[in-house]
Amino acid sequence: MPAYHSNLNESEFRSLGNMAMLPIRTKFRGPAPSLADPNSEDIVEEALNLFRANSFFRNFEIKGNADRVLIYLILYISDCLGKLTNQPSKLEANKILQTSALSHFALPGEPSFPLNAMYHAPADRGEQDLLRQYLTQLRQELATRLLERIYGNENVPSKWWMCFLKRKFMGKSL
């Protein structure tokens with residue numbers, strides 16, 4: 001059975017390295033373009049919807065630049081779940097994930113980036129800064145939406161999300 005790929009692979013978007021700069025629906029400031037149709041699914045929703053199914057795969061064939069963004073977001077979801085191991089309250093979890101979203105992280109081309117074989121480094125310093133801003137914006141939006149899925153109206157995380165805590169997509173982690 002093949003892994004689930006992004007529906008945005010067929011569309012043409014600006015690329016940073018070889019990651020597509022996809023439009024998202026967000027309240028956070030950043031360089032991501034806004035969605036033309038506010039009711040359509042963006043890459044963050046797609047990553048949240050496909051996370052549990054794709055987390056079982058050890059291999060993932062990349063079919064486009066949108067898949068690279070999807071892979072990054074799935075790995076970031078795994079990282080976020082790992083930060084919630086002691087099952088904090090929703091308010092504490094929000095602080096933890098927003099701090100994580102804004103903290104320094106490795107970009108493609110840097111030695112500590114786990115998937116350098118699949119990603120190209122940004123061409124220059126300006127593109128590198130733009131990629132960092134874009135990924136920070138994605139991480140902030142993903143953390144906010146992930147909390148809504150994990151906690152909902154409860155103050156304890158859903159066991160149906162936390163059971164994926166130890167799964168590693170493609171055997172990698174950020």
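- When the salt bridge (charged side-chain N to carboxylate O under 4.0 Å, His left out) test is applied to D42, the partners found at least two apart in sequence or on another chain are R145.
- The closest donor-acceptor contact from the side chain of N18 to the backbone of H120 lies under 3.5 Å.
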Can you give me every donor-acceptor pair (side chain of residues 155-164, partner residue at least two apart or in another chain, under 3.5 Å) with its distance?
residue, atom, partner, partner atom, Å
N155, OD1, K90, N, 3.1
S158, OG, W160, N, 3.1

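- Side chain of T136 to backbone of R132: a donor-acceptor contact under 3.5 angstrom is found.
- Expressed to the nearest 0.5 Å, how far CD1 of I77 lies from CZ of R52 amounts to 10.0 Å.
- A distance of 9.5 Å separates OG1 in T85 from NZ in K166, rounded to the nearest 0.5 Å.
- When side chains are defined from C-beta on, Q137 counts as touching P31, because their heavy atoms get closer than 4.5 Å.
- Atom-to-atom distance recorded for E148:CD and L48:CG is 11.0 Å, nearest 0.5 angstrom.
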(request) Run the numbers on N65 and S15 for side-chain hydrogen bond (donor to acceptor under 3.5 Å, both in side chains), then give the verdict. (result) CA-CA 8 Å; N65 288 347; S15 290; 2.9 Å; yes
(message) side-chain contact (heavy atoms from CB on, under 4.5 Å), that's the test. Do M21 and F13 meet it? Break it down for me.
(response) CA-CA 6 Å; M21 192 169 183; F13 297 102; 5.5 Å; no
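- Here the straight-line distance linking atom CG of L75 with atom SG of C80 works out to 11.0 Å at 0.5 Å rounding.
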(request) Evaluate the criterion side-chain contact (heavy atoms from CB on, under 4.5 Å) for residue pair Y72 and L142; output intermediate values, then yes/no. (result) CA-CA 11 Å; Y72 183 85; L142 181 77; over 6 Å; no
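- Side chain of R25 to main chain of P38: a donor-acceptor pair is present (N/O by atom type, distance under 3.5 Å, no hydrogens or angles).
- Rounded to the nearest 0.5 Å, atoms CD (E45) and CG (L50) are 10.5 Å apart.
- N116 and E110 share no side-chain donor-acceptor pair at under 3.5 Å.
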(request) Start with the C-alpha distance between M19 and L135, add both sets of side-chain angles, then the distance that settles side-chain contact (heavy atoms from CB on, under 4.5 Å), and finish with yes or no. (result) CA-CA 10 Å; M19 289 179 73; L135 290 179; 3.7 Å; yes
(message) Could you go through R14 and L130, starting from their C-alpha distance and side-chain angles, then the distance that decides it, and tell me whether this counts as side-chain contact (heavy atoms from CB on, under 4.5 Å)?
(response) CA-CA 12 Å; R14 178 179 178 188; L130 188 61; 3.3 Å; yes
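- Here the side chain of E46 pairs no donor or acceptor atom with the backbone of L70 at under 3.5 angstrom.
- Residues T26 and Q140 have side chains that never bring a donor and an acceptor to within less than 3.5 angstrom of each other.
- Side-chain heavy atoms closer than 4.5 Å link hydrophobic residues (I, L, V, M, F, W, Y) into clusters, and following such links, possibly through other members, connects M118 to I74.
- For the pair R139 and F28, the cation-pi criterion (under 6.0 Å, within 45° of the ring axis) is not fulfilled.
- Of the inter-residue distances, the one linking N94 atom CG with L146 atom CG reads 11.0 Å to the nearest 0.5 angstrom.
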